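Heads up, the thing below is written out as structure tokens.
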Amino acid sequence: MYDVIVIGSGPAGITAAIYSKRRNLSILVISKGNGTLQKAEKIDNYYGFENGISGKELYVNGIKQAKNLGIDFISNKYWIYKSIYYRNC
């Protein structure tokens, strides 16, 4: 059982997961895995990155930070649908 379930592993989802974990809550992030952010060549005007950062690098850094904090992830679409279906039966 999780205190918080976050849908999406983009910047907003990972930030929500990290801040929730810092409040000592148990977190699950549900993600389809490969979002639009990873395809972005360069992200400009993002806090802390004076010269920009690639979308893939930003994504990977966020996931690493979250996993280092012990946040759980589900990214297999079939498993997600199956789990939600059987829990509601």
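Computed from a predicted model, the values in this text were never measured in an experiment. What's counted below: heavy atoms across the whole structure, side chains too, no hydrogens, waters or symmetry copies.
Distance OH/Y2 to CD1/I30: 9.5 Å, rounded to 0.5 Å. Between the NZ atom of K42 and the OG atom of S54 there is a distance of 10.5 Å, given to the nearest 0.5 Å.
Scanning for side-chain contact (heavy atoms from CB on, under 4.5 Å) contacts around T15 gives Y19, with sequence neighbours left out. Checked against side-chain contact (heavy atoms from CB on, under 4.5 Å), A40 has the following partners two or more places apart in sequence or in another chain: I43. Every residue two or more places apart in sequence or in another chain was checked for a side-chain hydrogen bond (donor to acceptor under 3.5 Å, both in side chains) with Y46, and none qualifies. Partners of K64 by side-chain contact (heavy atoms from CB on, under 4.5 Å), not counting sequence neighbours, listed by chain and number: V60. For the salt bridge (charged side-chain N to carboxylate O under 4.0 Å, His left out) test, no residue two or more places apart in sequence or in another chain qualifies with K39.
When all heavy atoms are compared, the tightest approach of I63 to S9 is CD1-CB, 3.9 Å.
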Could you go through residues 21-29 and list every donor-acceptor pair under 3.5 Å that involves a side-chain atom there, pairing it with any protein atom two or more places apart or in another chain?
{"from": "S26", "atom 1": "OG", "to": "D3", "atom 2": "N", "distance (Å)": "3.0"}
{"from": "S26", "atom 1": "OG", "to": "D3", "atom 2": "OD2", "distance (Å)": "3.3"}

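I5 and I18 fall into different hydrophobic clusters, where Ile, Leu, Val, Met, Phe, Trp and Tyr side chains are chained together by heavy-atom contacts under 4.5 Å. I14 and V4 fall within a single hydrophobic cluster, where Ile, Leu, Val, Met, Phe, Trp and Tyr side chains are chained together by heavy-atom contacts under 4.5 Å. Both L37 and I71 are assigned to one and the same hydrophobic cluster, defined by single-linkage of ILVMFWY side chains at heavy-atom distances under 4.5 Å. Residues F73 and L58 fall within the same hydrophobic cluster, defined by Ile, Leu, Val, Met, Phe, Trp and Tyr side chains chained together at heavy-atom separations under 4.5 Å.
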